Novice: 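After the structure tokens below, expect a handful of questions from me.
Please read all numbers here as calculations on a predicted model, not as lab measurements. Here is how names work: the chains are called A, B, and so on, in the same order as the sequence lines, proteins then strands, and each is numbered from 1.
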There are 2 protein chains.
Amino acid sequence: MRKNAEINATPVCQVKMQAISDAMSLLSGKWKFHILGTLIEGSTLGFMDLLREVNGIGSKMLSKELQDLEMNKLISRTVMNTKPITVSYSITEYGKTLSPLIDEMAKWGIDYRKSVYGK
Amino acid sequence: MRKNAEINATPVCQVKMQAISDAMSLLSGKWKFHILGTLIEGSTLGFMDLLREVNGIGSKMLSKELQDLEMNKLISRTVMNTKPITVSYSITEYGKTLSPLIDEMAKWGIDYRKSVYGK
DNA sequence: TGACATAGTATCCAACAGGAAACTACTTTC
DNA sequence: GAAAGTAGTTTCCTGTTGGATACTATGTCA
């Protein structure tokens, strides 16, 4: 009988598990993928644009999620010198590295739908 | 000025967003990736094995997460005719289709760590 | 017979996630 | 001067997540 972890005790697994935890903590919540996806697609958008594009989100959540994403350098926030003042959000180069992951997620989700609701 | 969503109103975006929501809802929570990753790596494990392998999880959460995953056909549960009775959990063929997604997530997380804590 | 293994369930609780609505503050337009 | 646009913040509330602890039920071994 086995008393201690064996599989996940290997260094390579430890590193992978840690990595997944890291990624999940940055991308957790109901809205982050939607916001990132929208910014990847739409390049540069203001706060109100995002409020309209991200279906169902409220201003409180949008504000909070944008702060999170900016803190993690996935998006950038620039106050524009316009009248009235506008703020433009866009994806960073680093944020763009999430594209393969987002695509993979979407791909799997699409296949999943097919398998559940018939092909 | 734009009053309505434009980017995400396109059918292709709607489908992608829906797909991501689907995938996220199946894989949400603190433990699902860990459990799936462990079962992909370890092939077949009992309840107590998983309790030991998945670092930090408690029996209540493990039980609940395993039920969720089984309901979604990502893992299978088999009661073995042994003494004492044991139950073996393993990844299904369908669950294995998550491998690319899990790998992509791990890959991104590893790169993220490098970029934060120096290369 | 008591310790220990199997696989969970039950109970209680704290923390967090997320939503609705109202509100701030500033500027431009009608 | 009122309305409407910009970008948020504040408050209050509910529902979910997740953890600790204890417990059930069964069987084996020494």
Side-chain angles (χ1 to χ4, degrees), chain A residues 1-6 17 20-21 24-36 38-39 42 44-72 75-90, chain B residues 1-6 17 20-21 24-36 38-39 42 44-72 75-90:
Chain A
M1 179 204 18
R2 190 165 29 196
K3 288 268 187 174
N4 297 309
E6 284 189 350
M17 292 293 179
I20 287 169
S21 291
M24 290 287 281
S25 79
L26 295 192
L27 302 171
S28 67
K30 196 174 170 181
W31 300 111
K32 298 222 177 62
F33 275 100
H34 293 261
I35 295 170
L36 289 168
T38 303
L39 286 173
T44 288
L45 296 167
F47 187 87
M48 294 307 286
D49 295 329
L50 283 165
L51 211 48
R52 284 185 285 263
E53 292 289 344
V54 181
N55 206 286
I57 200 170
S59 56
K60 192 192 79 169
M61 287 308 296
L62 180 57
S63 171
K64 195 212 124 209
E65 298 291 60
L66 289 172
Q67 282 172 30
D68 281 6
L69 294 170
E70 195 200 351
M71 222 184 310
N72 291 314
I75 65 172
S76 67
R77 178 182 182 275
T78 316
V79 178
M80 307 299 279
N81 192 17
T82 52
K83 305 232 170 161
I85 276 176
T86 52
V87 177
S88 63
Y89 291 95
S90 48
Chain B
M1 180 205 16
R2 191 166 25 197
K3 291 267 186 177
N4 297 309
E6 285 189 349
M17 293 292 179
I20 287 169
S21 291
M24 289 287 281
S25 80
L26 294 192
L27 302 171
S28 66
K30 196 172 168 181
W31 301 111
K32 298 220 177 62
F33 276 99
H34 293 262
I35 294 169
L36 290 168
T38 304
L39 285 174
T44 289
L45 296 166
F47 187 86
M48 295 307 284
D49 294 331
L50 283 165
L51 212 48
R52 284 184 285 263
E53 292 288 345
V54 181
N55 206 285
I57 201 170
S59 57
K60 192 192 81 170
M61 286 308 297
L62 180 57
S63 171
K64 195 212 122 212
E65 297 290 61
L66 288 172
Q67 281 172 30
D68 282 6
L69 294 171
E70 194 200 353
M71 222 184 309
N72 290 313
I75 66 172
S76 67
R77 176 181 183 278
T78 316
V79 178
M80 307 299 281
N81 193 17
T82 52
K83 305 233 169 162
I85 277 176
T86 51
V87 177
S88 62
Y89 291 95
S90 48

Novice: What's the verdict on side-chain contact (heavy atoms from CB on, under 4.5 Å) for B:Trp31 and B:Leu62, showing C-alpha distance, side-chain angles and the deciding distance?
Specialist: CA-CA 8 Å; B:Trp31 301 111; B:Leu62 180 57; over 6 Å; no
Novice: For A:Ser88, which residues count as a side chain to side chain donor-acceptor pair (under 3.5 Å) partner, sequence neighbours excluded?
Specialist: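 Partners of A:Ser88 by the side chain to side chain donor-acceptor pair (under 3.5 Å) criterion come out as none, since no residue qualifies.
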Novice: Measure from CD on B:Glu65 to P on D:dT16 and round the result to the nearest Å.
Specialist: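 The distance from CD of B:Glu65 to P of D:dT16 comes to 15 Å, rounded to the nearest Å.
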Novice: With a 4.5 Å cut-off on side-chain heavy atoms, are B:Leu27 and B:Leu36 touching?
Specialist: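 Side-chain contact under 4.5 Å: yes.
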Novice: How many Å lie between CG on A:Leu66 and P on D:dA7, as a whole number?
Specialist: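 In whole Å, D:dA7 P and A:Leu66 CG are 11 Å from each other.
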Novice: With a 4.0 Å limit, can you tell me whether A:Arg52 has a side-chain N or O closer than that to the phosphate oxygens OP1/OP2 of D:dA7?
Specialist: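 False: A:Arg52 side-chain N/O out of range (4.0 Å or more) of D:dA7 OP1/OP2.
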Novice: List, with names and distances, any nitrogen or oxygen atoms from the protein found under 3.5 Å away from nitrogen or oxygen atoms belonging to nucleotides 12-17 of chain C.
Specialist:
none

Novice: Provide, to the nearest angstrom, the distance between the CE atom belonging to B:Met48 and the P atom belonging to D:dG27.
Specialist: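 So the CE-P distance, B:Met48 to D:dG27, works out to 18 Å.
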Novice: For the side chain to side chain contact (heavy atoms under 4.5 Å, CB included) test, which of B:Glu65, B:Met61, B:Gln67 pairs with B:Ser63?
Specialist: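 With B:Ser63 as partner, B:Glu65, B:Met61, B:Gln67 yield a single side chain to side chain contact (heavy atoms under 4.5 Å, CB included), made by B:Gln67.
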Novice: Provide, to the nearest angstrom, the distance between the CG atom belonging to A:Leu50 and the P atom belonging to D:dG5.
Specialist: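 Rounding to the nearest Å, CG of A:Leu50 and P of D:dG5 are 18 Å apart.
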Novice: Return the value, rounded to whole Å, for the distance between atom CG of A:Leu51 and atom C1' of C:dG19.
Specialist: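 After rounding, the reported distance stands at 13 Å.
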Novice: Is A:Thr82 side chain donor-acceptor paired with the D:dT6 base, going by distance under 3.5 Å alone?
Specialist: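 No pair found.
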Novice: Before giving the answer on side-chain contact (heavy atoms from CB on, under 4.5 Å), spell out for A:Leu69 and A:Tyr89 the whole-Å C-alpha distance, their side-chain angles and the decisive distance to 0.1 Å.
Specialist: CA-CA 10 Å; A:Leu69 294 170; A:Tyr89 291 95; over 6 Å; no
Novice: Would you say a side-chain N or O of A:Gln67 is under 4.0 Å from OP1 or OP2 of D:dA7?
Specialist: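 The answer is no; no side-chain N or O of A:Gln67 sits under 4.0 Å from OP1 or OP2.
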Novice: Would you mind telling me which residue lines up with the more 5' stretch of DNA chain D, A:Ile85 or A:Ser63, judged by nearest nucleotide?
Specialist: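 Comparing both residues, the 5'-ward one is A:Ile85.
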Novice: Is there a side-chain contact (heavy atoms from CB on, under 4.5 Å) between A:Thr44 and A:Thr78? Walk through the geometry before answering.
Specialist: CA-CA 10 Å; A:Thr44 288; A:Thr78 316; over 6 Å; no
Novice: Would you check if the side chain of A:Lys64 reaches a backbone N or O of A:Lys60 as a donor-acceptor pair within less than 3.5 Å?
Specialist: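 No; judged by distance alone, with no hydrogens or angles, the pair does not exist.
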Novice: Find the distance A:Leu62:CG to C:dG18:P and express it as a whole number of Å.
Specialist: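 Distance, rounded to whole Å: 13 Å.
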Novice: Given atom OH of B:Tyr89 and atom P of C:dT6, what is their separation to the nearest angstrom?
Specialist: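 Atom OH in B:Tyr89 sits about 13 Å away from atom P in C:dT6.
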Novice: Between B:Thr86 and C:dT6, is there a contact of a side-chain N or O with OP1 or OP2 at under 4.0 Å?
Specialist: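 B:Thr86 to C:dT6 OP1/OP2: no side-chain N or O under 4.0 Å.
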Novice: Let me spell it out: for each of A:Gly58 and A:Lys83, pick the nucleotide of DNA chain C with the closest heavy atom. Which residue's pick is nearer the 5' end?
Specialist: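 Checking each residue's closest nucleotide, the 5'-ward one belongs to A:Gly58.
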Novice: Calculate the interatomic distance between B:Met80 atom CE and D:dT26 atom C1'; express it in whole Å.
Specialist: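 After rounding, the reported distance stands at 18 Å.
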